[in-house]
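Keep in mind the model is a prediction, meaning the values are calculated, not measured. FYI, side chains are in, hydrogens and waters are out, and symmetry mates aren't considered; it's all heavy atoms of this structure.
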Amino acid sequence: MGMEGDTLYSIGELARRTGLTVKTIRFYSDRGIVAPADRTPAGYRLYGIDAVARLDLVRTLRELGLDLSTIRKVVDRELSLPEVAAAHAEALAVQIRVLRLRHAVLTAVAERGSTPEETELMHRLAQLSEDERRRLVGEFLDAAFGGLVAATPAFAGVMRSMTPELPDNPDPEQVQAWVELAELSLDPEFRSSVRQLAEEQAAEQVRSAAAGPRRDIAAVVRDQVGPALAAGIDPASPQADPFVAAFTADYAHLFDRPDDIDLRRRLTARLECVNDPRRERYLQLLAVVNGWPAPESLAPALDWSVQALRVRAP
């Protein structure tokens, strides 16, 4: 039969060479994807060496998920393979994103033991478009800080530092964190807790504007109480007195008032408000969504200071 290039193969030989079944090759042949080069006198199809290369390509493209009509255009050179690959990669990226979201929601449902209603809400929150996400976050921040930024410009930074930005290709943890964060921001009780905190902070900042910028009382308490926590000092013991005196003096100075029972009650309420576990959870979730380092927990210092104040100002 001459040289290798002239060799003709029966469908059975072609099947052995390509690892495809006779039935599959016949199917591709009927579709015109691989055409027989000749036929035997009895009418059996014979294929040239190029059929092996074509079938190898067809098999690869099928495994990559391309449909037959596209494959036919590629092997007939009507479409360039790089163009087809680019379009297909794009479509797959969208599918992957959808699957990631579904995977994250299903994982969260499995872990949280959600009700059908919660599952429905999670699914909706996970599927929000970027615009819809922005709107939801915007509504929450507006409920918490609306009208306060004009009076206290520093709040613009606070709002930015509380804004979640889900990346284009989030990992499952980020999607789950986004869903929980969105649920939290829709919670009216949480909104009003953040609002109350923001209003008190704004009032403090306005009051202390004359004295120059001041740090948030929670940060002051954290720094003042840190050594007491590290030393394992009981908040009810006399050893705690100097620490309590230090942070209450700071708060009294802020209000330009004596450090009395009334001031300490006010400070206790303020620290309890900051110590809302939902607020800490929001900041933890925010760090996951934005890919920031996990925030330090203020809870131990706040718990300690609230206990210490309660003992001293029942």
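- Taken to the nearest 0.5 Å, the OG atom of S161 stands 10.0 Å off from the CE atom of M159.
- In terms of heavy atoms, M122 sits closest to S114 at SD-OG, 3.8 Å.
- The OG1 atom of T18 sits 11.5 Å away from the CD atom of E13 when rounded to the nearest 0.5 Å.
- Note on E199 versus R195: salt bridge recorded, some NZ/NE/NH1/NH2 to OD/OE distance being below 4.0 Å.
- Looking at T107, its side chain does come within 3.5 Å of a backbone N or O of H103 through a donor-acceptor pair.
- For residues 86-98, the set of pairs meeting the side chain to side chain donor-acceptor pair (under 3.5 Å) definition, not counting sequence neighbours, is empty.
- Evaluation of the ring-ring contact (aromatic ring centres under 6.0 Å, His included) rule for Y28 yields no partner, not counting sequence neighbours.
- Across V75, I33, T24, I25, a single residue satisfies side chain to side chain contact (heavy atoms under 4.5 Å, CB included) together with L55, and that is I25.
- Applying the side-chain contact (heavy atoms from CB on, under 4.5 Å) criterion to L99, with sequence neighbours excluded, gives R102.
- Partners of E165 under the side chain to side chain donor-acceptor pair (under 3.5 Å) rule, at least two apart in sequence or in another chain, do not exist in this structure.
- Minimum interatomic distance between A104 and P172 (heavy atoms only, all atoms of both residues): CB-O, 3.7 Å.
- Criterion: ILVMFWY side-chain heavy atoms under 4.5 Å apart, direct or through other members. Under it, V52 and V22 are part of a common hydrophobic cluster.
- No hydrogens or angles considered: nothing links the side chains of D131 and S129 as a donor-acceptor pair under 3.5 Å.
- Sorted by first and then second residue, the side chain to side chain donor-acceptor pair (under 3.5 Å) pairs with a member in residues 52-63 read R54-D76; sequence neighbours excluded.
- Between Y9 and R17 the shortest heavy-atom distance is OH-CZ, 3.4 Å.
- Judged purely by atom type and a 3.5 angstrom limit, T40 uses its side chain to pair as donor or acceptor with the backbone of Y44.
- Salt bridge annotation for D30-R45: present, with a cationic side-chain nitrogen under 4.0 angstrom from a carboxylate oxygen.
- Inspection of the R310 and Q307 side chains reveals no N or O donor paired with an N or O acceptor under 3.5 Å.
- The side-chain contact (heavy atoms from CB on, under 4.5 Å) search around A228 returns I233, F243, W304, not counting sequence neighbours.
- Not a single donor-acceptor pair under 3.5 Å links the side chain of R39 to the backbone N or O of L46.
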